[in-house]
Trainee: 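Got a structure here, written out as structure tokens. Questions coming.
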2 protein chains.
Amino acid sequence: MQFDREFLTGNLTTLILALLGERPMYGYEMLQEAERRSDSQLRMKEGSLYPALHQMERGGLLVAEWREAPTGRSRKYYRLTARGRRAAASKRRQWETMAAAMRTILGDAGA
Amino acid sequence: MQFDREFLTGNLTTLILALLGERPMYGYEMLQEAERRSDSQLRMKEGSLYPALHQMERGGLLVAEWREAPTGRSRKYYRLTARGRRAAASKRRQWETMAAAMRTILGDAGA
DNA sequence: AACGTGTACCTTGTTCAGCAAAGTATGGAG
DNA sequence: CTCCATACTTTGCTGAACAAGGTACACGTT
């Protein structure tokens, strides 16, 4: 089951921070990883992802580095700064708080 | 812990449908209920709620009815239509799907 | 009577995230 | 030599939520 795009709104930054908290990745890889791990339910769009990465880089959460792939293609790898790691932890906590609150309401309203 | 408003984005309709799925309520009551049940974590704003209710009414998800409160004040009670009940079930399912997908990513990224 | 407070609803203007759509460029498969 | 997947980027738009303000009434206090 595919959900409306509105459900993703507000979670993009959280998602990016979570992925990069694991290991440095490049943009296109994040798109694929998110889709793969969620059984194709969670599809980030390029037009959302790349601007978000740039903004987060400007905000000092990420740093970028161009690396040569084995294939010869160039890839822009992003990794978290110290600030980014703090933000990742914060976003994760916030997401869990929000999810718990939502569940309370949804749960009360006879499943 | 209070979370950024962006985490609410996209969940307002879901929340309204869940509350009304339980019983008819008036707008101001929904604000209080959501806040009370979530330990003040989930605060809908009037400027978001009322326009959303109007839009959902136009969309045929809700019907409104003015009722006199014991105090003498007038309240506008909303209840779900059949269409609204279907939407409520759908939104709930979608939320759970999204939450599961998010949890997968957040979980993988070393807690 | 006048005032403040909590209830209850509504609207206008703004902002900002995410998206659609399009573009650039490269490597490999056929 | 063409097509497809990879990989990054940008411009312009849309739409949800919000801030801020407004209206009005009931009730308690002074």
Side-chain angles (χ1 to χ4, degrees), chain A residues 2-17 19 24-36 42-59 61-62 64-78 91 94-95 98 102, chain B residues 2-17 19 24-36 42-59 61-62 64-78 91 94-95 98 102:
Chain A
Q2 188 64 26
F3 46 81
D4 300 344
R5 47 171 166 42
E6 68 200 46
F7 280 100
L8 229 343
T9 305
N11 299 142
L12 184 59
T13 299
T14 306
L15 231 29
I16 293 171
L17 288 170
L19 287 169
M25 292 178 71
Y26 56 100
Y28 201 79
E29 189 182 10
M30 295 182 212
L31 296 175
Q32 296 174 316
E33 278 296 297
E35 178 165 357
R36 189 181 61 74
L42 212 148
R43 286 189 174 124
M44 300 189 286
K45 303 296 159 50
E46 291 184 282
S48 312
L49 176 67
Y50 290 115
L53 288 170
H54 300 156
Q55 195 203 341
M56 291 165 77
E57 193 183 5
R58 281 197 305 279
L61 302 178
L62 315 177
E65 180 201 355
W66 285 97
R67 275 189 237 162
E68 190 87 2
T71 63
R73 312 257 306 118
S74 270
R75 292 167 176 171
K76 195 171 182 178
Y77 280 83
Y78 288 94
K91 285 287 185 190
Q94 289 187 49
W95 192 86
M98 183 275 296
M102 279 295 288
Chain B
Q2 189 63 28
F3 46 80
D4 300 344
R5 51 175 164 24
E6 69 201 45
F7 279 101
L8 230 341
T9 306
N11 298 142
L12 184 59
T13 299
T14 306
L15 230 30
I16 293 170
L17 289 170
L19 287 170
M25 292 177 71
Y26 58 98
Y28 200 78
E29 188 183 9
M30 295 183 211
L31 296 174
Q32 296 174 316
E33 278 296 297
E35 178 165 357
R36 189 180 61 73
L42 212 148
R43 287 189 174 125
M44 300 191 284
K45 302 298 157 55
E46 292 186 280
S48 312
L49 176 66
Y50 290 116
L53 288 171
H54 300 156
Q55 195 203 341
M56 292 165 77
E57 194 182 3
R58 280 197 305 278
L61 303 178
L62 314 178
E65 179 201 355
W66 285 97
R67 274 190 238 163
E68 190 87 1
T71 62
R73 311 258 307 118
S74 270
R75 292 167 175 170
K76 197 173 183 179
Y77 280 83
Y78 288 94
K91 286 288 185 188
Q94 289 187 49
W95 192 85
M98 183 276 295
M102 279 295 289

Trainee: Between P on D:dT6 and OH on A:Tyr77, what's the gap in Å once rounded to a whole number?
Mentor: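 Roughly 14 Å, once rounded to whole Å.
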Trainee: Which sits closer to the 5' end of DNA chain C, B:Trp66 or A:Arg43, going by the nucleotide each is nearest to?
Mentor: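 Nearest nucleotide further toward 5': that of B:Trp66.
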Trainee: Can you check side-chain contact (heavy atoms from CB on, under 4.5 Å) on B:Lys91 and B:Ile16, steps first, answer last?
Mentor: CA-CA 10 Å; B:Lys91 286 288 185 188; B:Ile16 293 170; over 6 Å; no
Trainee: Counting heavy atoms from C-beta on, name the nucleotide in D:dT9, D:dA7, C:dC10 closest to the side chain of B:Tyr50.
Mentor: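 Among the listed nucleotides, the one closest to the side chain of B:Tyr50 is C:dC10.
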Trainee: For B:Glu46, which contact category applies under a 4.0 Å heavy-atom criterion: base, sugar-phosphate, or nothing?
Mentor: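 B:Glu46: base contact, heavy atoms under 4.0 Å.
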Trainee: Tell me the interatomic distance from A:Arg67, atom CZ, to D:dC8, atom C1', rounded to whole angstroms.
Mentor: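 These atoms are roughly 16 Å apart.
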Trainee: In whole Å, I'd like the distance from the CD atom of A:Glu68 to the P atom of C:dA25.
Mentor: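 Rounded to whole Å, this separation is 17 Å.
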Trainee: Side-chain N or O of A:Gln32 less than 4.0 angstrom from OP1 or OP2 on D:dT6?
Mentor: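 So the side-chain polar atoms of A:Gln32 do come within 4.0 Å of the phosphate oxygens OP1 or OP2 of D:dT6, strictly under.
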Trainee: With heavy atoms under 4.0 Å as the rule, sort B:Gly47 into base, sugar-phosphate or nothing.
Mentor: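 Result for B:Gly47 = base.
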Trainee: Nearest whole angstrom, please: distance from the P of D:dG21 to the NZ of B:Lys45.
Mentor: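 Computing the B:Lys45:NZ to D:dG21:P distance gives 16 Å.
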Trainee: I'd like to check the ring-ring contact (aromatic ring centres under 6.0 Å, His included) partners of A:Tyr26; sequence neighbours left out, ordered by chain and number.
Mentor: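 Once residues adjacent in sequence are excluded, the partners of A:Tyr26 under the ring-ring contact (aromatic ring centres under 6.0 Å, His included) criterion are A:Tyr77.
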Trainee: Contact class for B:Arg75 vs. all strands (heavy atom < 4.0 Å): base, sugar-phosphate, or nothing?
Mentor: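 Counting heavy atoms under 4.0 Å across all strands, the contact made by B:Arg75 is with sugar-phosphate only.
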Trainee: Can you check the B:Met30 CE to C:dA8 P distance for me, whole Å?
Mentor: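 From B:Met30 CE to C:dA8 P: 12 Å.
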Trainee: Consider the side chain of B:Thr9, meaning its heavy atoms from C-beta on, and name the nucleotide among D:dA17, C:dC19, D:dT10 that approaches it most closely.
Mentor: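 So the side chain of B:Thr9 is nearest to D:dA17.
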Trainee: Round to the nearest Å and state the distance from B:Met56 atom CE to C:dC10 atom P.
Mentor: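 The distance from CE of B:Met56 to P of C:dC10 comes to 14 Å, rounded to the nearest Å.
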Trainee: From C:dA8, D:dA16, C:dG27, pick the nucleotide closest to the side chain of B:Gln55?
Mentor: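 Shortest atom-to-atom distance from the side chain points to D:dA16.
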Trainee: With a 4.0 Å cutoff (strictly under), does any side-chain N or O of A:Lys76 reach OP1 or OP2 of D:dT9?
Mentor: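 Checking A:Lys76 against D:dT9: at least one side-chain N or O falls below 4.0 Å of OP1 or OP2.
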Trainee: Of the listed nucleotides (D:dC8, D:dT6, D:dA17), which one gets closest to any side-chain atom of B:Ser48?
Mentor: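 Closest nucleotide among those given: D:dA17.
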Trainee: In residues 46-58 of chain A, what donor-acceptor pairs under 3.5 Å come from side-chain atoms, sequence neighbours left out?
Mentor:
{"residue": "A:Tyr50", "atom": "OH", "partner": "A:Tyr28", "partner atom": "N", "Å": "3.4"}
{"residue": "A:His54", "atom": "ND1", "partner": "A:Tyr50", "partner atom": "O", "Å": "3.3"}

Trainee: Using OP1 and OP2 only, check whether a side-chain N or O of A:Tyr28 sits under 4.0 Å from D:dC8.
Mentor: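 Result: no.
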Trainee: Report yes if a side-chain nitrogen or oxygen of B:Tyr26 is closer than 4.0 Å to either non-bridging phosphate oxygen (OP1 or OP2) of C:dC9; otherwise report no.
Mentor: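 The answer is no; no side-chain N or O of B:Tyr26 sits under 4.0 Å from OP1 or OP2.
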Trainee: Roughly, in whole Å, what's the span from CG in B:Leu8 to C1' in D:dA17?
Mentor: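 Rounded to whole Å, this separation is 9 Å.
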Trainee: Under 4.5 Å between any side-chain heavy atoms of A:Tyr78 and A:Glu65, yes or no?
Mentor: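 Side-chain contact under 4.5 Å: no.
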Trainee: Distance check, rounded to the nearest 0.5 Å: A:Leu42 atom CG versus A:Glu33 atom CD?
Mentor: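 That separation rounds to 12.0 Å.
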Trainee: Working to the nearest 0.5 angstrom, can you tell me the gap between A:Thr13 OG1 and A:Leu61 CG?
Mentor: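 Rounded to the nearest 0.5 Å, the OG1-CG separation comes to 8.5 Å.
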Trainee: Closest nucleotide of DNA chain C for A:Thr71 versus for B:His54: which of these residues is on the 5' side?
Mentor: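 Comparing both residues, the 5'-ward one is B:His54.
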Trainee: Given atom CD of A:Glu29 and atom P of D:dA7, what is their separation to the nearest angstrom?
Mentor: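 Atom CD in A:Glu29 sits about 8 Å away from atom P in D:dA7.
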